[in-house]
Amino acid sequence: MAEQPKADTVRLQAMSRAFISSAALFAAIDLDLFTAVSQGDNTPERFAARHDLSTLNAERIMTMCAAAGLLSWQDNTYVNAPDVERFLVAGEDRYAGAWLQFMRPHWAQWGDLTTALANADDARVTPRSVVGMTVEQARRYHEATASVGFGAGRRFARDVDLHGRRSLLDLGGGSGAYSIIATETYPGLQALIFDLPAVVEVTREFIARHDAVDRVSAMAGDFTRDPFPTCDAIVMASNLPMYGSAVIQDVVHKSYAALEQGGEMHLVGEMLDDDKAGPTDAAIWGLAEALANSTGRAHTQSECVGYFQRAGFVDISIHAFIPGVLTRVAGYKR
């Protein structure tokens, strides 16, 4: 029998220093490093001249980005990795720099996670990050998330056949990405985005920006508390871990009651596999709710199916939406 290799500290050391990789990514975005490389300032000397850095410091940050797989060294110049070229070149339609720095303001809080974990006695049903949100905070939030939200909206419109549907209710729809794309894809479909009062003001800005005022509207309210209007399709996307099991179950029950016979609901969120070993994104967003002092948590796929079953949905199915990140659970009212 072959001798098993002895455990070492390599993996643990990498985890203990992971914040350095984040810091390097943030600095590279701040300095528009990937934009510079795309535009030909792709050596330490050229990048240093572009940003008035020392050549040594330009070399340091480019070396770190190469070690992280963000850049590669080819023919004596740096080249962006394919995902970096697609999403981190400023000025391009798919630029996601704001979204990738979404958690950056919480850097110090994450450094004191131990304290947050010890202070759960007064946890809120609605996360602290949402309670009292101002319009300007909502605008910053959704301008950051829109870069990936509209990509997810396009995927939803491809994956879900809404032909024949007349009314889509979008719970916590934020920028309106799902509704704007769905109503653009399926003629005759009208959508209503149901979100908090401060958010709805920003939602209407996105609706107008995308020339969707004739097919998408927004209504202020709290979907964890308020009743839902009648509709024949419902989507709730990318806010699942913000809420605990009791809240999600109640939302799914209210959704079932609001749907017309034959209607459908789609819950899109960061869900754990049933072995609870991942994906990491679901675990991260669940853990983040400790910082928000909410009752939110990471839900497993089977738990989400259970919410649908107990509400009365049938023909329940699970779909990989964005593999390793988002899962979609769908059910129908018969």
What's the spacing between [X] [atom1] and [Y] [atom2] if we round to 0.5 Å?
X	Y	atom1	atom2	answer
Met265	Phe308	CE	CZ	4.5 Å
Arg297	Ile248	CZ	CD1	10.0 Å
Glu270	Asp281	CD	CG	6.5 Å
Ile193	Met219	CD1	CE	11.0 Å
Thr327	Gln301	OG1	CD	4.5 Å
Ile318	Asp274	CD1	CG	6.5 Å

- Query: Is it true that a side-chain atom of Ser16 and a backbone atom of Gln13 form a donor plus acceptor pair closer than 3.5 Å?
  - Reply: yes
- Would you list the pairs meeting side chain to side chain donor-acceptor pair (under 3.5 Å) in which at least one residue belongs to residues 183-194, sequence neighbours left out? Thr183-Arg215
Pairwise side-chain contact, [X] with [Y], heavy-atom cut-off 4.5 Å (strictly under):
X	Y	value
Glu264	Arg165	yes
Trp107	Phe26	yes
Ser38	Glu92	no

- Message: Could you check whether Asp75 and Thr77, counting side-chain N and O atoms only, form a donor-acceptor pair closer than 3.5 Å?
- Response: no
- Message: Just checking Phe156 against His266, ring centres under 6.0 Å apart?
- Response: yes
- Task: Run the ring-centre check on Phe223 versus Phe228 and record whether the distance is less than 6.0 Å.
- Result: no
- Just wondering, are more than 12 heavy atoms of other shown residues or ligands nearer than 6.0 Å to CG in Asp275? yes
- Item | Within 6.0 Å of CZ in Arg11, more than 12 heavy atoms from elsewhere | no
- Query: Please walk me through it: do Thr230 and Glu260 pass side-chain hydrogen bond (donor to acceptor under 3.5 Å, both in side chains)?
  - Reply: CA-CA 7 Å; Thr230 301; Glu260 298 173 352; over 6 Å; no
- Task: May I ask you to decide whether Glu143 forms a salt bridge with Arg209, counting only side-chain N to carboxylate O separations under 4.0 Å?
- Result: yes
- Output yes when Glu136 and Arg139 qualify as a salt bridge under the 4.0 Å nitrogen-oxygen rule, no when they do not. yes
- Which heavy atom in Val84 sits nearest to a heavy atom in Leu70, and how many Å separate them? CG2-O, 3.6 Å
- Item | Whether Phe102 and Tyr141 hold their rings parallel, tilted or perpendicular, with breakpoints at 30° and 60° | perpendicular
- Pairs where residues 44-59 contributes a residue and the test salt bridge (charged side-chain N to carboxylate O under 4.0 Å, His left out) is met, not counting sequence neighbours: Asp41-Arg50
